[in-house]
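All values reported here derive from a predicted model rather than from experimental measurement. Below, chains carry the letters A, B, ... as their sequence lines are ordered, and counting in each starts from 1.
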Protein chains: 2
Amino acid sequence: MTGGELVSAAKDRFGAFWSVTRSQVYRELPGLASAGYVRPGKLGPRAAQPYAITAAGKRAFRSWLAEPAGSDHARNPLILRLGFGAHHASGQLQQLVEEARVQHQAALASHRTRAAELRKNNADPYLVATAEFGVAYARALLRWLESVPTG
Amino acid sequence: MTGGELVSAAKDRFGAFWSVTRSQVYRELPGLASAGYVRPGKLGPRAAQPYAITAAGKRAFRSWLAEPAGSDHARNPLILRLGFGAHHASGQLQQLVEEARVQHQAALASHRTRAAELRKNNADPYLVATAEFGVAYARALLRWLESVPTG
DNA sequence: AAGGCCATGTAACAAGTTACATGATTAA
DNA sequence: TTAATCATGTAACTTGTTACATGGCCTT
């Protein structure tokens, strides 16, 4: 695959849970190639450089999969602002909460339809589970938002 | 406050939701000073450099608080691995899930006690809300984990 | 075939992390 | 008083983001 193809594949699989930019991917590919994990192929149109994974690459991938996952790392700008609590002007917080509500309601809908799609196509059940995580998170967040004091 | 004091204050307020390293803080402080947002004071023991916020700094902080929060940015290594679904060896995934369960059960407990503490001390209700978010998230995640196929 | 558009890749920058050096404080 | 410990700050590196240049493609 080329860098661009990798980016869109990644976005499709877990874009909502783990973002990746093209620059990151393009930066890594030459390094992976010189480490022997991928092998460059013939240039395509627009000077697109495809790579193929090697046996060593597959081994490295599998051993990465087996590593302990480590703790997750939330970066929620709304929570950050809420942490400053009483410094807010009166109407402000209400607006922040409202924006978050809209945002996560959209996310809820999109994860729901994605989960349904995947189930309909008998997709890999683990992949379905990631979409279900999206649903669960959005639902929890929306419910929690109801309880946030907006006075 | 000195860099170290700022770091520990930040860790205390929202360490679970927005991590900050000392290096980041120490790097920013001179910049903030030359921008006029903080003013350096007399050096303390261990060459500790305290800073005081200026009026301009307070204004900048408040206008940052009022900015729209933007979308949140989850980085959950378990979800990432789940996204690769069927590539897992059989027992592996079960182990990942188990580790996550332990981790988030601990998080649930710590957010619960923190929320209770804060309520007991009549702390800022917004701050309480952040702890409640921690509880809600951990609960949702644990429930979701039950449904993840581990076969 | 000319112009706008989109995909590919690069480069400069910002944010985050890890590892280190140094100077007080504490405890044996 | 010496050794261990801990807090302060720095430096090098990695990861993530934004902005840019270029070249096929597609429409008219």
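Counting distance only, with no hydrogens placed and no angle test, the side-chain atoms of B/S23 and the base atoms of C/dT18 include a donor-acceptor pair under 3.5 Å. Between the base of C/dG9 and the side chain of A/R22 there is a donor-acceptor pair shorter than 3.5 Å.
In this structure, B/K11 places its NZ atom 13 Å from P of C/dT17, rounding to the nearest Å. Atom CG in B/L43 sits about 11 Å away from atom P in C/dA24, given to the nearest Å. Look at CD on B/E5: it is 7 Å from P on D/dT8, rounded to the nearest Å. Rounded to a whole Å, the CG atom of A/L6 is 16 Å from the P atom of C/dA7. Spacing between atom CD of B/E28 and atom C1' of C/dC13 amounts to 13 Å, rounded to whole angstrom units. Nucleotide C/dG23 holds its P atom 17 Å from the CD atom of B/Q49, rounded to whole Å. We find that CZ of A/R46 is positioned 5 Å from C1' of D/dG24, with the value rounded to whole Å. To the nearest angstrom, C1' of C/dA15 lies 12 Å from CZ of B/R75.
The closest donor-acceptor contact from the side chain of B/T54 to the backbone of B/G36 lies under 3.5 Å.
No side-chain N or O of B/N76 forms a donor-acceptor pair with one of A/Y137 less than 3.5 Å apart.
Heavy-atom distances to DNA chain C give each of A/P50 and A/R27 a nearest nucleotide, and the one nearer the 5′ end belongs to A/P50.
A 6.0 Å sphere centred on CZ of A/R62 holds no more than 12 heavy atoms belonging to other residues, nucleotides or ligands.
Taking side-chain N and O atoms only, B/Y26 has a distance below 4.0 Å to OP1 or OP2 of D/dG9.
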Next item on the list: Show your reasoning for whether salt bridge (Lys or Arg N to Asp or Glu O under 4.0 Å) applies to B/E98 and B/R101.
Entry: CA-CA 5 Å; B/E98 181 54 23; B/R101 216 169 54 80; 3.2 Å; yes
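Separating the CG atom in A/L82 from the CZ atom in A/F84 is a distance of 11.0 Å, to the nearest 0.5 Å.
If you check D/dC25, C/dG16, D/dT8 against the side chain of B/Q24, the one that comes closest is C/dG16. Between C/dT8, D/dG9, D/dT17, one nucleotide has an atom nearer to the side chain of B/T2 than all others, and that is D/dG9. Closest contact between the side chain of B/H73 and the listed nucleotides D/dT17, C/dT18, D/dC25 involves D/dT17.
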